[in-house]
K.L.:
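The structure's right below; bear with me while I get my questions together.
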Amino acid sequence: MEEPKLPEEKALRSLNFIEEIIEEDIRNGVNEGRVHTRFPPEPNGYLHIGHAKSICLNFGLAKKYNGMTNLRFDDTNPVKEDVEYVDSIMEDVKWLGFDWEDRLYYASDYFEQLYEYAVTLIRKERAYVCDMSAEEISETRGTPTRPGKESPYRNRTVGENIDLFARMRNGEFPDGTRVLRARIDMASPNMHMRDPVLYRILHAHHHRTGDQWCIYPMYDFAHGQSDSIERITHSICTLEFEVHRPLYDWFIREIGIYPPRQIEFARLNMTYTVMSKRKLLELVQQGFVSGWDDPRMPTICGLRRRGFTPESIRNFAETIGVAKRDNIIDVSLLEFCIREDLNRRANRLMAILDPVKVVIDNYPEELTEELESVNNPEDESRGKRKMPFSKTLFIERDDFMEDPPNKFFRLAPGREVRLKAAYIIRCESVVKEPETGRITEIHCTYDPMTRSGMPDSNRKVKGTLHWVSAKHAVGVEVRLYDRLFVKENPDDIEEGKTYKDYLNPDSLKVITAMVEPAVKNAQVSEKYQFERTGYFSVDKDSTAQNLIFNRVVPLKDSWVKTEKVK
RNA sequence: UGUCCGAUGGUGUAACUGGCAACACAAAUGAUUCUGGAUCAUUAGAGUCUAGGUUCGACCCCUAGUCGGACAACCA
């Protein structure tokens with residue numbers, strides 16, 4: 001597929017609030033005008049469209065201000081993390097079109113340094129080893145409106161703390177018996193400042209450091225310092241970390257290291273889907289979808305398999321903007337972005353999703369004509385292809401009505417339509433199954449003088465249909481995807497229900513479509529527009545004998561609307 | 001009876017930082033079309049959460065409310 005000519009940045013767009021902050025910093029000479037961002041995922045799940053927003057933001061900002069972006073895995077919890085996720089995340093970021101060059105880091109790279117930082121805090125009497133259980137710590141933390149109680153271990157001597165912390169590291173204590181805590185303020189109105197846990201004992205194998213450590217830093221103790229070590233200038237993260245910021249600033253100040261500036265933005269929500277890693281994992285594990293890359297998933301790999309392009313997702317991220325208020329973006333905007341992209345780059349093909357037979361009574365029995373059709377009306381350079389035409393065709397069952405309303409522009413008894421790139425035909429009669437009344441054959445006559453390109457073909461007819469020659473058609477599997485949930489906001493649950501009660505039972509329909517022979521050239525992940533029906537992408541499960549197409553998105557259809565109005 | 005954050009058409013984001021509320025999606029109408037797609041033109045829809053205040057002038061500044069969100073993992 002060709003490279004994009006998408007105007008990814010509307011030339012004179014006004015600045016978003018993050019750009020304003022950055023430009024102000026540049027004006028004030030903060031960090032000598034340097035801009036350095038990072039994308040810091042935890043490798044415990046697959047990336048989704050919400051992460052794409054963050055990735056586009058971080059890499060986009062760095063690009064705009066001639067800076068750099070690091071990829072850093074926040075891998076401080078070995079029990080939840082896995083290399084499978086590390087690999088998928090790198091693949092997805094690359095696929096989106098971003099490059100961290102040689103700046104691939106892991107929080108685990110800094111474990112030794114982080115340990116030293118902890119010792120520094122102990123020496124300053126700003127941290128202590130606490131022997132309380134998790135339950136006790138939780139009980140003594142207080143509530144948002146009531147202060148907590150100080151730990152009885154809070155006033156241990158520096159020497160005792162140093163010794164105990166070293167022995168924690170040496171593996172002398174079982175999991176859960178002790179933690180290292182910051183010594184801040186158990187009465188702080190900010191819960192995160194109430195002597196938070198810095199290190200816990202975890203005799204677990206880490207995907208990178210192996211069995212080298214049996215104590216691991218908490219995210220809060222690792223994240224800000226990791227940014228500092230990497231000399232990140234602007235740490236962009238989501239809103240829920242806003243209340244953590246005072247803690248991060250406290251660490252940086254007490255340890256005395258380089259201070260990044262954290263800026264929080266509102267995470268992306270989208271209608272008819274869920275975005276939390278926990279829920280997505282549940283959908284996968286409980287078999288509601290076929291995997292992380294199920295084309296109905298809002299994951300990057302799901303969207304990729306569905307047939308979305310990186311350009312369309314980047315353009316989407318640009319279009320939704322960024323702010324601090326909670327938001328829920330209409331999926332139709334995402335759909336618009338992929339249609340806009342695919343309209344210009346996808347070649348057209350004629351495919352009949354729900355075939356009904358058409359017999360051209362006055363067309364010679366044995367004749368096959370090779371007719372030409374344009375591959376992409378938006379792009380002359382894509383050229384033309386040949387389509388076989390013969391006496392028996394398939395058209396879409398929807399394109400015929402025995403007793404049509406006035407607004408129906410398609411085929412009906414006595415009416416004429418154009419077959420795209422072929423002839424104008426008229427319906428003469430229909431054949432039905434006697435018991436069911438189901439139409440089995442539509443008999444038509446064609447006007448030989450109306451073949452596309454001939455003078456008589458300019459005759460005005462109301463409708464143009466797509467078609468395939470029955471004996472030349474190729475059967476392919478088509479997976480028709482629809483939204484995963486029936487409710488706009490599946491997180492908005494009624495009494496006694498869960499988000500899973502709103503799953504759409506019709507989110508996947510598998511059918512066999514009849515397609516013109518040119519489809520045989522289709523390659524995996526190639527995108528096509530099936531004329532008049534939608535955009536389709538060749539699924540990776542395809543074989544030479546059995547092509548499989550995923551419907552990316554249907555074409556806009558103003559007929560269904562007119563039809564519904566009735 | 002806490003701290004922090006937020007509030008602008010149906011949705012999202014703007015408003016030269018105090019000067020006639022704009023853009024995109026969605027919607028509607030018409031033109032055009034060998035895709036009821038695309039394209040083009042047009043229309044409708046908010047007076048900016050509320051109440052006060054400052055000001056010649058407030059979406060923007062101040063005060064007090066209201067509503068919504070985040071925070072009480074040895075998760076991130």
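Here the structure is a predicted model, which is why all the values come from computation and not from measurement. Order of the sequence lines fixes the chain letters, A, B, ..., with proteins taken first and strands second; residue numbering starts at 1 for each chain.
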K.L.:
Can you confirm if the NZ or CZ of A/Lys279 lies within 45° of the ring axis of A/Tyr499 and under 6.0 Å from the centre of its six-membered ring?
P.N.:
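Judged by the rule (NZ or CZ under 6.0 Å from the ring centre, within 45° of its axis), A/Lys279 counts as positioned above A/Tyr499.
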
K.L.:
Is B/A22 syn or anti, taking syn as a glycosidic angle within 90° of 0?
P.N.:
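Nucleotide B/A22 adopts anti.
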
K.L.:
Using the C1' atom as the point on both nucleotides, what is the distance between B/G9 and B/A14, in whole Å?
P.N.:
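It works out to 13 Å between them.
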
K.L.:
Say you draw a straight line from CZ of A/Phe73 to OH of A/Tyr105; how long is it, rounded to the nearest 0.5 Å?
P.N.:
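That separation rounds to 13.5 Å.
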
K.L.:
Can you check each nucleotide of nucleotides 69-76 of chain B against protein heavy atoms at under 4.0 Å and return B for base, S for sugar-phosphate only, - for none, in 5' to 3' order?
P.N.:
SSSBSBSB

K.L.:
Within a radius of less than 6.0 Å around CZ of A/Arg141, do more than 12 heavy atoms belonging to other residues, nucleotides or ligands occur?
P.N.:
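Enclosed.
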
K.L.:
Look at atom CZ of A/Arg154 and say whether more than 12 heavy atoms of other residues, nucleotides or ligands are closer to it than 6.0 Å.
P.N.:
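Check passes, neighbour count above 12.
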
K.L.:
Take atom CG of A/Leu268 and atom P of B/U11, then tell me their distance rounded to the nearest Å.
P.N.:
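Going from A/Leu268 (CG) to B/U11 (P), I get 16 Å.
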
K.L.:
Name the nucleic acid region contacted by A/Lys324, choosing base, sugar-phosphate or nothing; use a 4.0 angstrom heavy-atom cut-off, strictly under.
P.N.:
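Since only primed, P, OP1 and OP2 atoms lie under 4.0 Å of A/Lys324, the category is sugar-phosphate.
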
K.L.:
Rounded to whole angstrom units, what separation is found between the CD1 atom of A/Ile263 and the C1' atom of B/G6?
P.N.:
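After rounding, the reported distance stands at 17 Å.
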
K.L.:
Indicate, with a heavy-atom threshold strictly under 4.0 Å, whether A/Glu20 touches base, sugar-phosphate, or nothing.
P.N.:
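Base, at least one base atom sits under 4.0 Å.
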
K.L.:
Need the pair for B/A24. Rule: Watson-Crick or G-U wobble, both distances under 3.5 Å, any strand; none if unpaired.
P.N.:
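The base-pairing partner of B/A24, which may sit in any strand shown, is B/U11.
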
K.L.:
Would you call B/G53 syn or anti, using the 90° rule around 0?
P.N.:
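It is anti.
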
K.L.:
Working to the nearest 0.5 angstrom, can you tell me the gap between A/Phe409 CZ and A/Leu465 CG?
P.N.:
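The CG atom of A/Leu465 is 12.5 Å from CZ of A/Phe409, to the nearest 0.5 Å.
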
K.L.:
According to the Watson-Crick and G-U wobble definitions, with both distances under 3.5 Å, which nucleotide is paired to B/A72?
P.N.:
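Pair assignment: B/A72 / none.
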
K.L.:
Between A/Leu465 (CG) and B/U33 (P), how many Å, whole number?
P.N.:
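It is 18 Å, rounded to the nearest whole Å.
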
K.L.:
Does any nucleotide pair with B/A38 by Watson-Crick or G-U wobble geometry, both distances under 3.5 Å, and what is it?
P.N.:
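Pairing partner, where one exists within any strand: none, as none qualifies.
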
K.L.:
Considering only B/C25, B/G36, B/A14, which nucleotide approaches the side chain of A/Ser14 most closely?
P.N.:
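For the A/Ser14 side chain, the nearest candidate turns out to be B/A14.
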
K.L.:
Sort out the partner of B/G18 for me: Watson-Crick or G-U wobble, both distances under 3.5 Å, none otherwise.
P.N.:
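WC or wobble partner does not exist here.
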
K.L.:
Looking at every strand, decide which applies to A/Ala323 at a 4.0 Å heavy-atom threshold: base, sugar-phosphate, or nothing.
P.N.:
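Sugar-phosphate, no base atom in range.
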
K.L.:
Are A/Phe530 and A/Phe536, when compared by the centres of their aromatic rings, separated by less than 6.0 Å?
P.N.:
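Yes, close enough.
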
K.L.:
Run the ring-centre check on A/Tyr219 versus A/Phe241 and record whether the distance is less than 6.0 Å.
P.N.:
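So the answer is yes for these two rings.
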
K.L.:
On the six-membered ring of A/Tyr128, is A/Arg156 placed so that its NZ or CZ lies under 6.0 angstrom from the centre and within 45° of the ring axis?
P.N.:
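Negative - A/Arg156 is either too far from the ring of A/Tyr128 or too far off its axis.
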
K.L.:
Checking all strands, does A/Phe73 fall into the base, sugar-phosphate, or nothing category for heavy-atom contacts under 4.0 angstrom?
P.N.:
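The residue A/Phe73 makes no contact with any strand.
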
K.L.:
Among B/A24, B/U35, B/U11, which nucleotide has an atom closest to any side-chain atom of A/Arg348?
P.N.:
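Of the options given, the side chain of A/Arg348 lies nearest B/U35.
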
K.L.:
Hey, does A/Arg194 reach any base, or is it just sugar-phosphate, or nothing, if we go heavy atoms under 4.0 Å?
P.N.:
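No contact.
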
K.L.:
Would you classify A/Phe409 as touching base, sugar-phosphate or nothing, given that sugar-phosphate means primed atoms plus P, OP1 and OP2, and contacts are heavy atoms under 4.0 Å?
P.N.:
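It contacts base atoms.
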
K.L.:
Indicate, with a heavy-atom threshold strictly under 4.0 Å, whether A/Val322 touches base, sugar-phosphate, or nothing.
P.N.:
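Contact class for A/Val322: sugar-phosphate only.
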
K.L.:
If you draw a 6.0 Å radius around CE in A/Met449, do more than 12 non-hydrogen atoms from other residues or ligands fall strictly inside?
P.N.:
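No - once you tally the heavy atoms of other residues, nucleotides and ligands closer than 6.0 Å, there are 12 at most.
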
K.L.:
With distance as the sole criterion, do the side chain of A/Arg146 and the base of B/U1 form a donor-acceptor contact below 3.5 Å?
P.N.:
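Result: no qualifying N/O pair found.
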
K.L.:
Within this structure, what is the CG-to-P distance between A/Asn375 and B/G37, rounded to whole angstrom?
P.N.:
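To the nearest whole Å, that distance equals 21 Å.
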
K.L.:
Send over the distance from A/Leu555 CG to B/U39 C1', rounded to a whole Å.
P.N.:
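Computing the A/Leu555:CG to B/U39:C1' distance gives 14 Å.
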
K.L.:
With both distances under 3.5 Å as the test, what is the Watson-Crick or G-U wobble partner of B/U33?
P.N.:
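No nucleotide pairs with B/U33.
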
K.L.:
How many whole angstroms separate atom CD1 of A/Ile338 from atom P of B/C25?
P.N.:
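In whole Å, B/C25 P lies 16 Å from A/Ile338 CD1.
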
K.L.:
Given that both distances must come in under 3.5 Å, which nucleotide forms a Watson-Crick or G-U wobble pair with B/G45?
P.N.:
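Pairing partner, where one exists within any strand: none, as none qualifies.
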
K.L.:
Please identify which of these residues, A/Phe111, A/Tyr199, A/Tyr110, meets the ring pair (Phe, Tyr, Trp, His ring centres under 6.0 Å) condition with A/Tyr216.
P.N.:
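Only one option passes, and that is A/Phe111.
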
K.L.:
Record whether the side chain of A/Arg339 comes under 3.5 Å of the base of B/G37 through a donor-acceptor pair of N or O atoms.
P.N.:
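Check fails, no donor-acceptor contact within cut-off.
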
K.L.:
Report which part of the nucleic acid A/Gly45 touches: base, sugar-phosphate, or nothing (heavy-atom distance under 4.0 Å, all strands).
P.N.:
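Nothing: the residue A/Gly45, judged by heavy atoms under 4.0 Å, touches no strand.
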
K.L.:
How would you label the contact of A/Gln529 with the nucleic acid (heavy atoms, under 4.0 Å): base, sugar-phosphate, or nothing?
P.N.:
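Base, at least one base atom sits under 4.0 Å.
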
K.L.:
Which base, if any, makes a Watson-Crick or G-U wobble pair with B/G6, both distances under 3.5 Å?
P.N.:
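B/C67 is the nucleotide pairing with B/G6.
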
K.L.:
Kindly indicate whether the side chain of A/Glu488 and the base of B/G10 share any N or O donor-acceptor pair separated by less than 3.5 Å?
P.N.:
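For A/Glu488, whose side chain was compared with the base of B/G10, there is no donor-acceptor pair (under 3.5 Å).
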
K.L.:
Quick one: look up who B/U54 pairs with, Watson-Crick or G-U, both distances under 3.5 Å, and put none if it's unpaired.
P.N.:
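No nucleotide pairs with B/U54.
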
K.L.:
Measuring from the side chain of A/Asp330 (C-beta onward, heavy atoms only), which nucleotide among B/U17, B/U35, B/U11 has the closest atom?
P.N.:
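Nucleotide nearest to A/Asp330's side chain: B/U11.
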
